[in-house]
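Just so it is clear, the structure is predicted and the values come from calculations on it, not from any experiment.
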Amino acid sequence: MADTALATPPRSPLSHAADRLAAATRASRGAIRLAELPFLTHVNVRLDAKGAAADAVGLALGLQLPLEPDTVVRAGESTALWLGPDEWLLVGPPGREGGWESRIREAAGDEPVSVTDVSAQRTTLLVTGSHARDLLAHGCPLDLHPRVFEAGRCAQTTLGRTQVVLVSRDEPRAGFWVLVRSSFAGYLADWLLDAATEYV
């Protein structure tokens, strides 16, 4: 049998930009922090929010699925994002996809459910610092004022003309997650670095 082990470790979509993101962070002296959070688990879940499966899945994961539009629920290192009336994105540390999928399917029982590992589809950018909202506002059509897009909110939107899922993190000074398709990650990193020159 052929050896199918990877000869080299996997590379994240923004491994080539890590030094530039770190340099912009240092140069801004706390105004902006940019970093990739590579290889996070991303699992898309679709089921009837009003059915018995929704509560059962929440109990099985130890993480209730948010039912209010554009909200986020976090439990420990796991986060659930509301994407639609019957759709959520689970985000967690690397390697959780298999365990999540089996627990969700078992909890759903005979109820219709779709569970898809989309971890390789996206990467996550962390944008924090005292001017994080200002930086994102340069290219995002949403009103990002804290009274409107407060901590614990999420939205499918565009940033620099790139489709993203934007998450306002709920920890103090945690800033934002920007979930972007891997194929657009390089472009978006370049856009953010260019926009960040105002704060350097």
Side-chain angles (χ1 to χ4, degrees), residues 9-25 28 32-45 61 63 65-66 70-84 87-101 115-129 131-133 135-140 142 144 149-196:
R11 293 184 59 191
S12 71
L14 291 176
S15 59
H16 67 281
D19 291 342
R20 291 188 299 140
L21 295 171
T25 296
S28 76
I32 298 293
R33 178 181 172 219
L34 300 172
E36 183 188 21
L37 303 176
F39 308 121
L40 293 182
T41 297
H42 293 214
V43 172
N44 186 272
V45 178
L61 295 174
L63 176 69
L65 300 176
D70 300 326
T71 58
V72 175
V73 171
R74 187 171 61 91
E77 295 181 302
S78 301
T79 304
L81 313 178
W82 186 97
L83 297 184
E87 183 177 9
W88 296 266
L89 182 68
L90 303 179
V91 181
R96 291 245 172 121
E97 58 279 353
W100 274 350
E101 182 173 356
V115 187
T116 308
D117 176 14
V118 293
S119 304
Q121 179 192 48
R122 292 189 179 101
T123 192
T124 304
L125 278 158
L126 177 67
V127 181
T128 66
H131 287 283
R133 279 183 199 273
L135 173 64
L136 295 172
H138 281 300
C140 182
L142 298 178
L144 297 180
F149 199 69
E150 62 191 347
R153 305 294 293 188
C154 66
Q156 297 183 80
T157 185
T158 57
L159 178 62
R161 299 185 180 181
T162 302
Q163 291 184 343
V164 300
V165 178
L166 185 63
V167 181
S168 181
R169 312 260 333 276
D170 59 355
E171 303 93 331
R173 298 185 301 280
F176 300 86
W177 277 350
V178 181
L179 282 57
V180 60
R181 289 182 185 274
S182 298
S183 56
F184 288 96
Y187 163 79
L188 186 60
D190 288 343
W191 184 91
L192 285 166
L193 287 165
D194 183 64

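When all heavy atoms of P13 and T123 are compared, the closest pair comes out as CG-CB, 3.9 Å. Here the closest heavy-atom approach between residue C154 and residue L81 is recorded as SG-CB, 4.1 Å. Contact record, V118 with N44: CG2-N, 4.2 Å, taken as the closest heavy-atom pair. Residues A75 and L63 come closest through the heavy atom pair N-CD1, 3.5 Å. Closest heavy-atom contact between L40 and P93: CD2-CA, 4.3 Å. Taking every heavy atom of both residues into account, Y187 and T162 meet most closely at CE2-OG1, 3.0 Å.
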Please evaluate residues W191 and H138 with respect to the criterion side-chain contact (heavy atoms from CB on, under 4.5 Å), reporting the C-alpha separation (whole Å), side-chain torsions for both, the decisive distance (0.1 Å), and the verdict. CA-CA 10 Å; W191 184 91; H138 281 300; 4.0 Å; yes

Please report the C-alpha distance between Q156 and L83 in whole Å, then the side-chain angles of each, then the deciding distance to 0.1 Å, and finally whether the side-chain contact (heavy atoms from CB on, under 4.5 Å) criterion is met. CA-CA 7 Å; Q156 297 183 80; L83 297 184; 3.7 Å; yes

Applying side-chain contact (heavy atoms from CB on, under 4.5 Å), run through L61 and S78 and close with a yes or a no. CA-CA 9 Å; L61 295 174; S78 301; over 6 Å; no

Let me see the working for V167 and R74 under side-chain contact (heavy atoms from CB on, under 4.5 Å), right down to the final yes or no. CA-CA 12 Å; V167 181; R74 187 171 61 91; over 6 Å; no

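Within 6.0 Å of atom CD in Q121, more than 12 heavy atoms from other residues, nucleotides or ligands are found, so the atom counts as buried in its surroundings.
Residues R96 and L90 form no side-chain contact, since every pair of their non-hydrogen atoms from C-beta on lies 4.5 Å or further apart. Looking at heavy atoms from C-beta onward, L136 lies in side-chain contact with L159 at the 4.5 angstrom threshold. Contact check for T157 versus V164: side-chain heavy atoms found under the 4.5 Å cut-off.
The distance from the OG1 atom of T41 to the CG atom of L89 is 10.5 Å, given to the nearest 0.5 Å. Rounded to the nearest 0.5 Å, atoms CD1 (I32) and CG (L21) are 12.0 Å apart. For the atom pair CG of D190 and CZ of R20, the computed distance is 4.5 Å after rounding to the nearest 0.5 Å. Between the NE2 atom of H42 and the OG1 atom of T79 there is a distance of 9.5 Å, given to the nearest 0.5 Å. The distance from atom CG of L135 to atom CG of L192, rounded to the nearest 0.5 Å, is 5.5 Å.
In this structure A155 satisfies the side-chain contact (heavy atoms from CB on, under 4.5 Å) test together with L142, F149, sequence neighbours excluded. For S15, the side-chain contact (heavy atoms from CB on, under 4.5 Å) test picks out R11, S12, with sequence neighbours left out. With sequence neighbours excluded, no residue forms a salt bridge (charged side-chain N to carboxylate O under 4.0 Å, His left out) with D117. Qualifying side-chain contact (heavy atoms from CB on, under 4.5 Å) partners for T128, counting only residues two or more places apart in sequence or in other chains: R33, L126. Applying the salt bridge (charged side-chain N to carboxylate O under 4.0 Å, His left out) criterion to R153, with sequence neighbours excluded, gives E68. Residues that satisfy the salt bridge (charged side-chain N to carboxylate O under 4.0 Å, His left out) test with R181, not counting sequence neighbours, are absent from this structure.
Between the side chain of W88 and the backbone N or O of P66, at least one donor-acceptor pair lies under 3.5 Å. At least one donor-acceptor pair under 3.5 Å links the side chain of R133 to the backbone N or O of L144.
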